[in-house]
Amino acid sequence: MLNLTPQKALLLSVAAALITIAMKTGAWWLTGSVGYLSDALESLVNLAGASFALWMVSYAHTPPDPEHPYGHGKAEYFSAAFEGGLIFIASLAILGTAGERLVNPQPLGQLGFGTALSVGASLVNFLVARVLLQVGRAHRSLALEADARHLMTDVWTTAGVVVGVALAGITGWNWLDPLVAAAVALNILREGWLLMHRSVDGLMDRAQSDEEIAAIEAVLNAFATDGCAWDNLTTRMAGALRFAHVDVRVPGEWTVTHAHALADAIERAVQERTGTRLATHIEPLS
């Protein structure tokens with residue numbers, strides 16, 4: 001497991017974006033390929049997305065305050081929505097450039113070195129995406145996972161562009177280059193939609209995954225002894241934070257002190273074993 005905080009992982013993503021922008025811009029300058037231009041524009045989106053994600057993740061990890069007693073975890077969803085919006089803008093710009101080049105095809109330049117630069121940039125993105133995905137899953141960070149999946153889309157985008165440029169160079173059909181660029185734009189448009197959908201879904205207090213709920217239920221079942229029971233478990237996610245509420249039913253003859261001690265023990269166990277902040281409500285067992 002990589003010993004990186006989400007902030008450090010995103011700093012790595014920002015550095016990678018700067019490197020790949022330089023490499024892909026060089027590939028476009030050497031070849032004149034609109035496909036490589038589309039690839040370079042997407043790297044600009046990567047830079048903006050990673051920078052905004054770094055800001056939002058840092059804000060999401062600030063402690064709760066009187067105005068935000070449940071913390072700031074949902075800030076990560078704004079990062080995914082912002083990145084999705086940037087992808088929409090970049091894809092429209094690529095489609096416009098590709099359309100103009102389809103109408104007025106241009107010969108391609110130095111394909112060899114330009115392609116090598118683009119492939120090298122794609123390798124950088126692939127390695128950084130793997131790091132982001134690993135750290136994002138470890139810290140349950142939507143912002144990191146969104147950035148990682150976007151970088152992987154960039155990797156596949158570059159692969160498609162390289163194929164399109166190679167085919168154009170081999171066949172002499174220069175219209176293949178803008179055609180592939182248009183296909184790239186449609187692909188990243190889809191990625192932008194998925195990121196925005198996921199961010200909106202998170203802002204609407206989506207329940208935790210089945211696996212996470214099962215882990216909470218396992219802890220609750222361990223305490224369901226001595227005539228105790230539980231029901232009405234509800235969960236929600238707020239970025240990397242997890243919250244839940246459950247009714248705990250105890251025998252009517254128990255004292256308030258006894259019931260309160262059980263509730264504290266349940267909440268502490270769920271927090272330690274699942275990372276979920278559980279709130280309990282004591283009810284008499286009918």
Side-chain angles (χ1 to χ4, degrees), residues 1-7 9 53 55-81 133-146 197-286:
M1 175 64 66
L2 292 169
N3 188 23
L4 289 177
T5 64
Q7 290 91 333
W55 178 28
M56 288 294 98
V57 166
S58 298
Y59 182 70
H61 282 75
T62 56
D65 55 44
E67 294 182 347
H68 306 92
Y70 290 96
H72 306 82
K74 285 190 175 183
E76 292 200 21
Y77 296 122
F78 292 106
S79 172
L133 195 58
Q134 186 176 356
V135 177
R137 286 173 175 170
H139 292 271
R140 298 192 300 198
S141 172
L142 173 63
L144 262 70
E145 287 195 38
H197 179 270
R198 189 174 178 189
S199 66
V200 171
D201 199 32
L203 288 171
M204 296 175 66
D205 282 341
R206 184 174 181 83
Q208 295 184 36
S209 67
D210 292 341
E211 292 78 11
E212 290 173 318
I213 293 174
I216 296 172
E217 290 176 342
V219 177
L220 294 173
N221 288 334
F223 283 89
T225 58
D226 298 328
C228 302
W230 61 270
D231 57 14
N232 300 326
L233 173 64
T234 56
T235 67
R236 68 182 181 91
M237 298 186 293
L241 302 177
R242 300 292 188 269
F243 299 94
H245 182 277
V246 70
D247 292 338
V248 177
R249 301 191 179 274
V250 301
E253 64 271 17
W254 278 26
T255 65
V256 173
T257 301
H258 191 178
H260 187 268
L262 174 67
D264 282 348
I266 293 174
E267 291 173 2
R268 187 166 51 250
V270 170
Q271 174 79 45
E272 291 173 352
R273 300 178 196 176
T274 71
T276 297
R277 301 180 186 181
L278 178 68
T280 56
H281 177 69
I282 301 296
E283 290 279 355
L285 187 65
S286 57

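All values below were derived from every heavy atom in this structure, side-chain atoms included, with hydrogens, water molecules and symmetry-related copies excluded.
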By side chain to side chain contact (heavy atoms under 4.5 Å, CB included), which residues pair with A60, not counting sequence neighbours? A75, E76

Hey, are the side chains of E145 and L133 touching, using non-hydrogen atoms and a 4.5 Å cut-off? yes

By ring-ring contact (aromatic ring centres under 6.0 Å, His included), H68 pairs with (sequence neighbours left out) H72

Return a table of donor-acceptor pairs under 3.5 angstrom between the side chains of residues 250-257 and protein atoms on other chains or two or more places apart.
unit_1	atom_1	unit_2	atom_2	d
T255	OG1	H258	N	3.0

Gap separating the CD1 atom of I213 from the OG1 atom of T235, nearest 0.5 angstrom: 4.0 Å

Quick one: pull up OH in Y70 and CG in L241 and give me the separation to the nearest 0.5 Å. 12.5 Å

Indicate the atoms forming the closest heavy-atom contact of L233 with A244, along with that distance. CD1-CB, 4.2 Å

Donor-acceptor under 3.5 Å (T274 side chain, A215 main chain): no

What are the two closest heavy atoms between L144 and A9, and how far apart are they? CD2-CB, 3.9 Å

Quick one: do L220 and L278 satisfy side-chain contact (heavy atoms from CB on, under 4.5 Å)? Show the steps, please. CA-CA 11 Å; L220 294 173; L278 178 68; 4.3 Å; yes

Side chain to side chain contact (heavy atoms under 4.5 Å, CB included) filter on A81, not counting sequence neighbours, yields S199

Got a sec, which residues hit side chain to side chain donor-acceptor pair (under 3.5 Å) with E217, two or more places apart in sequence or on another chain? none

So which atom in F243 and which in T276 form the shortest heavy-atom distance, rounded to 0.1 Å? C-CG2, 3.7 Å

Which residue pairs pass the salt bridge (charged side-chain N to carboxylate O under 4.0 Å, His left out) test with at least one member in residues 255-275, sequence neighbours excluded? none

Non-neighbouring partners of F78 that pass ring-ring contact (aromatic ring centres under 6.0 Å, His included), sequence neighbours left out: none

Counterpart residues, salt bridge (Lys or Arg N to Asp or Glu O under 4.0 Å), relative to D231 (two or more places apart): R249

Identify, with sequence neighbours excluded, every residue that meets side chain to side chain contact (heavy atoms under 4.5 Å, CB included) alongside Q7. T5, L54, V57, S58, H61

With side-chain hydrogen bond (donor to acceptor under 3.5 Å, both in side chains) as the rule and sequence neighbours excluded, what pairs involving residues 236-247 come up? E212-R242, N232-D247

Under the salt bridge (Lys or Arg N to Asp or Glu O under 4.0 Å) test, residues paired with R277 that sit two or more places apart: none

Straight-line distance of I282 CD1 to L262 CG, nearest 0.5 Å: 6.0 Å

By side chain to side chain contact (heavy atoms under 4.5 Å, CB included), W55 pairs with (sequence neighbours left out) F52

